[in-house]
**Student:** 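First, the structure itself, so that you have it in front of you.
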Amino acid sequence: MRIDLHTHSTASDGTESPSDVLAAANRSGLDVVALTDHDTTSGWDEAARAAVHHGVALVRGTEVSARSNGVSVHLLSYLQDPAHPALVAELERTRTSRLGRARRMVELLAEDFPITWEDVLAQSTPETVVGRPHIADALVAIGAVESRDAAFADLLTSDSRYYVTHHAPDAAAAVRAIRAAGGVPVFAHPGADGRGRVVPDEVFDELADAGLAGLEVEHRDHSPEQKVRLRGIAERLGLLVTGSSDYHGAGKQNRIGENLTDAAVLRAIEEQGHVEVVRP
Ligand code: AMP
Ligand code: FE
Ligand code: FE
Ligand code: ZN
């Protein structure tokens, strides 16, 4: 069984539609793929139809933006009730804040580059959760940078003078909100120290107490040392271990299916989740 539990579509900062992500999953020989767009479930319905069409099982999920003592934390929520009011409200709050934040970043960038908010809108749809990648695409479109990667290497880093933060719930509160919605919370790329600070060990204890189900260990942003550290933490706290690609279409180098999750781990996630895995 080839299982990849973390991908993005045009519902957030991937470059392919949900259907095209399912088509890519099929082409790369995956049996199961999770669609986990940032702070939204808007891609779920299209992905579910495409799962049947392309013969790939679909785990519906969301990558929830959160924060722990100022450190950015991404929580994969699998199989939650997409209508649960508290989680829906929290995601809505984050999306609204993301919009204001993106507009503010564009205002700051416009002091030095010929970029407008319309340039960013041209890189997204009304359904899209806007993030720095869409600003990056607008910067590419106006010729200010070569690629998303180049934009993230310089103008869009979190210590850039153009950077603005957005609302995100506290990580432990987010874990509880995901569980309350019947979701299965897995900490995404918890050791990705190449792009900013990562949480110290005691945060894993706090999140495990709050109901965290697992750690995404096999991820390209993890060094061998981080993988060893995270496996140790997972073992100590009795957490599931997952592996995934964090595929963003052409928006990132990550290839779909480049890291995989064991079938037994998926079964445990499915047993704990509120909605079914969509099976073709
Ligand atoms: P934001 O959530 O708006 O702060 O933007 C962060 C998002 O940008 C993450 O979800 C990543 O998927 C994406 N990202 C980070 N670094 C890069 C990069 N070098 N190239 C493309 N996308 C990136
Ligand atoms: Fe992303
Ligand atoms: Fe992430
Ligand atoms: Zn992701």
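Atoms considered below: every heavy atom in the structure, side chains included; atoms not considered: hydrogens, waters and symmetry mates. All ligand and atom numbering here is 1-based and tracks the order in the structure. It should be emphasised that the depicted structure is a prediction, and the values quoted were computed from it without experimental measurement.
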**Student:** Restricting to N/O/S, name the atom of Asp246 that gets closest to the Zn ion (ligand 4).
**Tutor:**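 It is OD1 of Asp246.
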**Student:** Does Asp112 pair with Arg161 as a salt bridge, N-O distance under 4.0 Å?
**Tutor:** yes
**Student:** Between Ser245 and Asn254, is there a side-chain donor-acceptor contact under 3.5 Å, judged purely by atom types and distance?
**Tutor:** no
**Student:** Hey, is ligand 1 close enough to His248 that some N/O pair sits below 3.5 Å?
**Tutor:**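 So ligand 1 has an N or O lying under 3.5 Å from an N or O of His248.
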**Student:** Heavy-atom distance to atom 2 (O) of ligand 1: which of Gln253, Arg132, His38, Arg98 wins?
**Tutor:**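 Looking at heavy atoms only, Arg98 sits closest to atom 2 (O) of ligand 1.
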**Student:** So which N/O/S atom does Glu63 have closest to the Zn ion (ligand 4)?
**Tutor:**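 Among the N, O or S atoms of Glu63, the one closest to the Zn ion (ligand 4) is OE1.
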**Student:** Using a strict 4.0 Å threshold on nitrogen-to-oxygen distance, state whether Arg267 and Glu270 make a salt bridge.
**Tutor:** no
**Student:** Does a donor on one side chain sit under 3.5 Å from an acceptor on the other, for Asn259 and Glu216?
**Tutor:** no
**Student:** So, Glu16 and Tyr247: side-chain donor and acceptor under 3.5 Å apart, yes or no?
**Tutor:** yes
**Student:** Tell me the nearest of Val130, Asn254, Asp149, Thr157 to atom 19 (N) of ligand 1, using heavy-atom distances.
**Tutor:** Asp149
**Student:** Measuring to the Zn ion (ligand 4), does His8 have an N/O/S atom at a distance below 2.8 Å?
**Tutor:** yes
**Student:** Tell me the contacting part of Asp246 for ligand 1: side chain, backbone, both, or neither, using a 4.0 Å heavy-atom threshold, strictly below.
**Tutor:**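 Asp246 to ligand 1: no contact under 4.0 Å from either part.
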**Student:** Heavy-atom distance to atom 3 (O) of ligand 1: which of His134, Arg101, His189, Glu63 wins?
**Tutor:**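 Going through His134, Arg101, His189, Glu63 one by one, Arg101 has the nearest heavy atom to atom 3 (O) of ligand 1.
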**Student:** Less than 3.5 Å apart, any donor N or O on the side chain of His248 or Asp13 sitting next to an acceptor on the other?
**Tutor:** yes
**Student:** Closer than 2.8 Å to the Zn ion (ligand 4): does that hold for any N, O or S atom in His6?
**Tutor:** yes
**Student:** Using 30° and 60° as the class boundaries, would you call the ring planes of His219 and His6 parallel, tilted or perpendicular?
**Tutor:** tilted
